[in-house]
Every structure is written in C-alpha cells, then in structure tokens.
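Structure, as structure tokens:
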Amino acid sequence: MDLSNRTVLIVGGTSGIGRELARRFAAAGSTVAVGGRSPEALSELAGEGFGTFGIDVTDSASVAAARDAVLARYPELDTVVTMSGVMLLEDLRDPAHFEAAETMIDTNLLGTVRVIDAFTPHLVRRGAGTFITVTSGIAFLPFPPMPSYAASKAAVHAYSEALRAQLDGTGVGVVELVPPAVAVPGREKVNPNALPLDDFATEVMHLLSENPTPHEVLVKGVLMHRWAERDGTYDDLVAQRSQALAMLPGREG
C-alpha cells in the first residue's frame with residue numbers, strides 16, 4: 001500500500017490508536033479525515049488540519065449522513081478504516097451483563113458493518129480502494145473478563161474474511177488490523193505489558209507499506225495471540241488469562 005497519496009477516512013479516530021494512525025497517514029503524505037462522536041476531540045483534530053465528521057456508528061442515519069458529507073468533501077476517498085470500539089468487563093453469572101454485551105456487539109460488530117455498507121458502493125464504483133477493519137488479539141485468544149468484546153472482535157475477523165472474498169475482483173481490498181494490548185494515552189499504566197502506542201503505530205505503518213499488503217496486519221506483540229491454537233499454547237494461555245477474572249466485582253478468582 002502506497003501510504004503517500006491516499007485519501008483516508010478513519011471512523012473512530014478521535015482517540016487512541018485511531019488518532020495516532022490518522023497522524024501517521026498524514027505524515028506519510030495522505031489526506032486524512034476523521035469521524036467520531038466527541039465534538040471536543042473533533043475540534044482538536046480540525047485544528048491539526050484534519051477533515052472532521054460527527055458520526056455515531058450505532059445509528060444508521062448518522063452513518064449515512066456522515067458518508068454523504070465525507071464523499072461530498074472527498075470524492076476521491078479510497079481508504080476507509082473502521083476503528084470504533086467499546087471494551088467492557090462482564091460477569092456472565094449476572095444477567096445484568098447483557099446491556100454491556102449489547103453495547104459492544106452493536107458498536108464493535110454492527111457498527112463495523114454499517115460503515116462498510118455505507119462506503120462499499122463508492123469504493124466498488126471507483127474500482128479501487130481498501131477497507132481496514134480492526135479486530136484484536138482477543139479475537140483469537142479470549143480474555144475471560146471481556147467475553148462479548150472477544151466475541152465481537154472474532155465476528156469482525158470472520159466478517160472481514162467473507163468481505164474480502166465477496167469483493168474479490170472489484171479492486172477493493174480488505175485488510176484486518178489485529179492490535180495487541182496497546183498503551184494509549186491516559187491508560188499507559190492499566191496493563192504494564194501493553195505495547196507503547198508509538199512503537200505499535202510505527203510497526204503498523206511499516207506492515208501496511210509492504211507489497212503486497214498483508215491480509216492481516218500482525219505486529220510482533222500479537223503473534224502469540226493469533227497463533228496460540230496452531231502453536232499448542234492456547235489452553236495454557238486461556239487458563240493464565242482466566243486469573244484476571246478476579247478483577248470482576250465479587251470475584252476472588
């Protein structure tokens with residue numbers, strides 16, 4: 001992927017990984033627009049020179065309106081990144097967890113589908129372009145305190161695979177970005193093993209620039225998650241990660 005002359009929309013790019021990738025694409029020479037829900041963050045990004053658009057991926061009307069506004073301003077749009085995501089803890093012994101499950105599936109999975117559906121006709125008409133979906137190492141190696149997050153990201157992986165197959169021959173590619181735990185601003189101390197954001201973004205941009213662009217962008221820090229089943233480490237790692245269930249209220253492990 002030539003990163004120097006693309007026109008990129010990053011949906012969910014107002015913070016964390018998405019915001020850093022927006023800056024990296026811009027630094028490489030691409031034109032970058034960012035969509036999100038936070039007016040304050042969008043205002044800050046507009047001040048940095050990005051195109052900004054309000055969008056709520058859980059609302060089909062909001063997604064359609066944002067699409068129309070983006071394409072009116074950037075008719076040459078060729079790359080759409082679907083970054084929107086919510087990560088919540090759930091105790092499956094408590095039926096009240098369902099609200100969190102519903103929120104994550106609506107945002108992480110259905111939000112991704114809404115954005116892809118909105119921009120597929122445009123990219124197919126162009127005959128060239130790229131969707132970049134975002135999953136997680138947790139899609140391949142579950143983190144037991146976050147079951148619906150894992151399920152939603154595993155679903156986005158499967159959806160990305162099917163989308164790639166269905167768009168074969170149209171000129172539209174599908175790239176899946178699979179982050180490990182990344183130390184985003186304000187959460188650097190949450191996980192001491194998290195990959196520094198700067199290192200993660202540098203590795204991602206290097207992998208995206210490879211020819212051919214990989215179907216899955218796998219930084220070194222996520223390989224243990226992605227290939228746990230293949231490598232025979234899956235059961236031990238899930239058992240190890242299950243110790244984190246102690247973080248749930250009322251649990252001792």
Side-chain angles (χ1 to χ4, degrees), residues 1-36 41 45 48-50 77-87 108 111-112 115-116 119 123 129-141 143 149-150 152-154 156-157 159-161 163-164 172-188 190-191 193-228:
M1 183 184 293
D2 181 356
L3 306 178
S4 67
N5 63 352
R6 302 185 78 87
T7 302
V8 183
L9 170 65
I10 301 181
V11 179
T14 54
S15 63
I17 293 172
R19 190 166 185 155
E20 181 62 22
L21 291 181
R23 290 169 172 155
R24 295 299 183 101
F25 271 108
S30 289
T31 299
V32 183
V34 176
L45 288 162
E48 293 182 34
F50 294 102
L77 180 75
D78 57 26
T79 304
V80 178
V81 186
T82 61
M83 286 291 317
S84 299
V86 178
M87 176 186 282
N108 302 354
T112 295
V115 171
I116 289 170
F119 288 96
L123 293 183
T130 305
F131 282 114
I132 300 178
T133 61
V134 180
T135 59
S136 168
I138 293 175
F140 302 96
L141 182 70
F143 185 57
Y149 179 79
S152 69
K153 291 299 189 176
V156 173
H157 165 69
Y159 195 88
S160 301
E161 294 278 295
L163 180 66
R164 184 181 301 114
V172 181
V174 178
V175 175
E176 178 184 346
L177 172 59
V178 189
V182 176
V184 298
R187 297 180 61 83
E188 292 91 345
V190 172
N191 181 348
N193 298 315
L195 187 63
L197 178 59
D198 187 61
D199 294 348
F200 170 75
T202 297
E203 196 171 351
V204 167
M205 299 307 283
H206 172 73
L207 291 168
L208 285 174
S209 66
E210 287 185 349
N211 187 17
T213 305
H215 285 172
E216 294 179 13
V217 174
L218 302 168
V219 301
K220 293 183 182 67
V222 84
L223 295 178
M224 64 170 281
H225 304 80
R226 178 64 179 95
W227 303 120

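Numbering starts at 1 and runs along the sequence shown.
No side-chain heavy atom of Leu207 sits less than 4.5 Å from a side-chain heavy atom of Ser209. Annotation: side chain of Ile17 is in contact with side chain of Val184 (closest heavy-atom distance under 4.5 Å). At least one side-chain heavy atom of Glu48 sits under 4.5 Å from a side-chain heavy atom of Arg23. Val219 places a side-chain heavy atom less than 4.5 Å from the side chain of Pro180. In this structure the side chain of Phe131 never reaches within 4.5 angstrom of the side chain of Arg164, judged on heavy atoms. Thr79 is not listed as a side-chain neighbour of Leu9, based on a closest heavy-atom distance of 4.5 Å or more. Residues Met1 and Arg6 meet the side-chain proximity criterion, which asks for heavy atoms closer than 4.5 Å.
At a cut-off of 3.5 Å, with distance as the only test, a side-chain donor of Glu176 or His157 sits close to an acceptor on the other residue. Looking only at atom types and distance, the side chain of Thr31 has no donor-acceptor partner in the side chain of Thr7 under 3.5 Å away.
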Open item on the list: Apply side-chain contact (heavy atoms from CB on, under 4.5 Å) to residues Glu216 and Glu161 and explain how you reach the verdict.
Closed with: CA-CA 10 Å; Glu216 294 179 13; Glu161 294 278 295; 4.1 Å; yes
Task: Test side-chain contact (heavy atoms from CB on, under 4.5 Å) applied to Phe200 and Val222, step by step - done: CA-CA 10 Å; Phe200 170 75; Val222 84; over 6 Å; no
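Separating the CG atom in Asn108 from the OG1 atom in Thr133 is a distance of 12.5 Å, to the nearest 0.5 Å. We find the CD1-CZ distance between Ile132 and Phe25 to be 4.5 Å, quoted to the nearest 0.5 Å. Taking OG from Ser136 and CZ from Phe143, the interatomic distance works out to 10.5 Å, rounded to the nearest 0.5 Å. The CD atom of Glu20 sits 7.5 Å away from atom OG1 of Thr202, with the distance rounded to the nearest 0.5 Å. Rounding to the nearest 0.5 Å places CE of Met83 at 9.5 Å from OG1 of Thr14. Note that CZ of Arg24 is 14.5 Å distant from CZ of Arg19, once rounded to the nearest 0.5 Å.
Looking at Ser30, its side chain does come within 3.5 Å of a backbone N or O of Leu3 through a donor-acceptor pair.
Smallest separation of non-hydrogen atoms from Pro179 and Leu177: CD-O, 3.3 Å. Closest heavy-atom contact between Thr112 and Thr82: CG2-OG1, 3.8 Å. Of all heavy-atom pairs spanning Ala154 and Ala139, the tightest one is N-CB, 3.5 Å. When all heavy atoms of Ala183 and Pro196 are compared, the closest pair comes out as CB-CA, 4.4 Å. Considering every non-hydrogen atom in both Val32 and Ile10, the closest pair reads CG1-CD1, 4.4 Å. In this structure, Thr213 and Leu208 approach most closely via the heavy-atom pair OG1-O, 3.5 Å.
Partner of Val178 under the side-chain contact (heavy atoms from CB on, under 4.5 Å) criterion, chosen from Val217, Val134, Thr135: Thr135.
In this structure, Asp199 does not pair ionically with Lys220, as no charged nitrogen and carboxylate oxygen lie closer than 4.0 Å.
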